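Being a predicted model, the structure only gives us computed values, none of them experimental.
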Amino acid sequence: GLIMEQITIFFKKEVLESFNELVFELYSKNYFASLEYAIDYKDKLVSFINNSIASFPHKTTPNKLKHFGEQYIFYNSNQRTTWYVFFKQHEQIYIITAILNNHSHHAKHL
């Protein structure tokens, strides 16, 4: 079988904070009926990042958005929302530098 190279993924503090804000926002704006659903949504996004960052095709971030990270992958959480996960990579180390979704005004540059 294929030997998976060991990868290490770090999340910048700002990204971890934005996950927490996301949960709070989803719940407080009644996108989800319960806090558990909001947390589950966030967990799915985090799992996608952890499981797919190495294998998912990377896109190069446009110059306008390079301050978010050099490359990005995207994740469709539902029909309305696409998440853009920005990162820096050094060999087998991935640093998740920012997350945005398509509702952000920055997304028009992607």
Side-chain angles (χ1 to χ4, degrees):
L2 206 66
I3 297 171
M4 285 294 292
E5 279 195 69
Q6 190 59 48
I7 64 160
T8 307
I9 302 171
F10 294 104
F11 291 84
K12 279 184 81 169
K13 188 168 65 83
E14 295 83 352
V15 175
L16 295 174
E17 284 167 3
S18 61
F19 285 136
N20 292 335
E21 284 161 19
L22 170 67
V23 167
F24 182 72
E25 188 180 339
L26 291 171
Y27 178 63
S28 63
K29 292 188 174 167
N30 294 317
Y31 289 115
F32 291 109
S34 78
L35 207 47
E36 283 76 23
Y37 285 127
I39 292 167
D40 188 50
Y41 179 92
K42 184 262 302 177
D43 288 344
K44 284 197 172 87
L45 176 56
V46 174
S47 309
F48 169 78
I49 295 169
N50 286 327
N51 296 325
S52 309
I53 191 86
S55 56
F56 210 79
H58 300 168
K59 294 183 177 294
T60 302
T61 308
N63 284 338
K64 270 195 161 118
L65 300 181
K66 275 270 199 278
H67 58 280
F68 287 122
E70 293 151 26
Q71 303 182 77
Y72 70 96
I73 59 173
F74 63 89
Y75 165 69
N76 294 319
S77 57
N78 56 44
Q79 287 175 327
R80 286 192 319 277
T81 306
T82 301
W83 288 94
Y84 302 98
V85 179
F86 295 88
F87 61 94
K88 285 194 284 220
Q89 182 188 359
H90 178 71
E91 290 168 3
Q92 294 303 304
I93 299 170
Y94 293 83
I95 302 170
I96 311 302
T97 48
I99 57 162
L100 290 177
N101 67 34
N102 58 306
H103 307 296
S104 156
H105 64 278
H106 298 291
K108 65 173 184 284
H109 301 298
L110 293 170

Quick check: do [X] and [Y] have side-chain heavy atoms less than 4.5 Å from each other?
X: Leu110; Y: Phe74; answer: no
X: Lys59; Y: Tyr84; answer: no
X: Thr60; Y: Glu70; answer: no
X: Tyr75; Y: Phe56; answer: no
X: His58; Y: Tyr94; answer: yes
X: Phe87; Y: Ile9; answer: no

Please answer: with hydrophobic residues joined when any side-chain heavy atoms are less than 4.5 Å apart, are [X] and [Y] in the same cluster?
X: Val46; Y: Tyr31; value: yes
X: Phe11; Y: Ile73; value: yes
X: Ile99; Y: Tyr27; value: no

Would you mind listing the cluster partners of Ile93? Hydrophobic ones only (ILVMFWY), side-chain contacts under 4.5 Å, chaining allowed.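 Once heavy-atom contacts under 4.5 Å are chained together, Ile93 belongs with Phe10, Ile95.
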Can you tell me how far OG1 of Thr61 sits from NE2 of His106, rounded to the nearest 0.5 angstrom? 13.0 Å
Which value, rounded to the nearest 0.5 Å, describes the distance between Ile53 atom CD1 and Gln71 atom CD?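 Answer for the CD1-CD pair, Ile53 versus Gln71, is 8.5 Å.
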Taking atom NZ as the centre, does Lys66 end up with more than 12 heavy-atom neighbours from other residues, nucleotides or ligands that are less than 6.0 angstrom away? yes
Crowded around His90 NE2? As in, over 12 foreign heavy atoms under 6.0 Å?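 Count not over threshold, so no.
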Between Asn51 and Ser55 the two heavy atoms that sit nearest each other are O-OG, 4.0 Å
Check for a donor-acceptor pair, side chain of Asn102 on one end and backbone N or O of Arg80 on the other, with a separation under 3.5 Å.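 A pair under 3.5 Å: yes.
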Between Gln89 (side chain only) and Glu91 (backbone N and O only), is there a donor and an acceptor less than 3.5 Å apart?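 Flag set: sc Gln89 to bb Glu91 pair under 3.5 Å.
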For residues 36-45, dump all side-chain donor-acceptor pairs below 3.5 Å to protein atoms at least two apart in sequence or in another chain.
unit_1, atom_1, unit_2, atom_2, d
Glu36, OE1, Ser34, OG, 3.4
Asp40, OD2, Lys44, NZ, 2.7
Tyr41, OH, Ser77, OG, 2.7
Tyr41, OH, Trp83, NE1, 2.9

Enumerate, atom names and distances included, each donor-acceptor pair closer than 3.5 Å involving a side-chain atom of residues 14-22, sequence neighbours excluded.
unit_1, atom_1, unit_2, atom_2, d
Ser18, OG, Glu14, O, 3.3
Ser18, OG, Val15, O, 2.8

What do you reckon, are the aromatic ring centroids of Tyr72 and Phe86 less than 6.0 Å apart?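 Yes, the ring centres sit under 6.0 Å apart.
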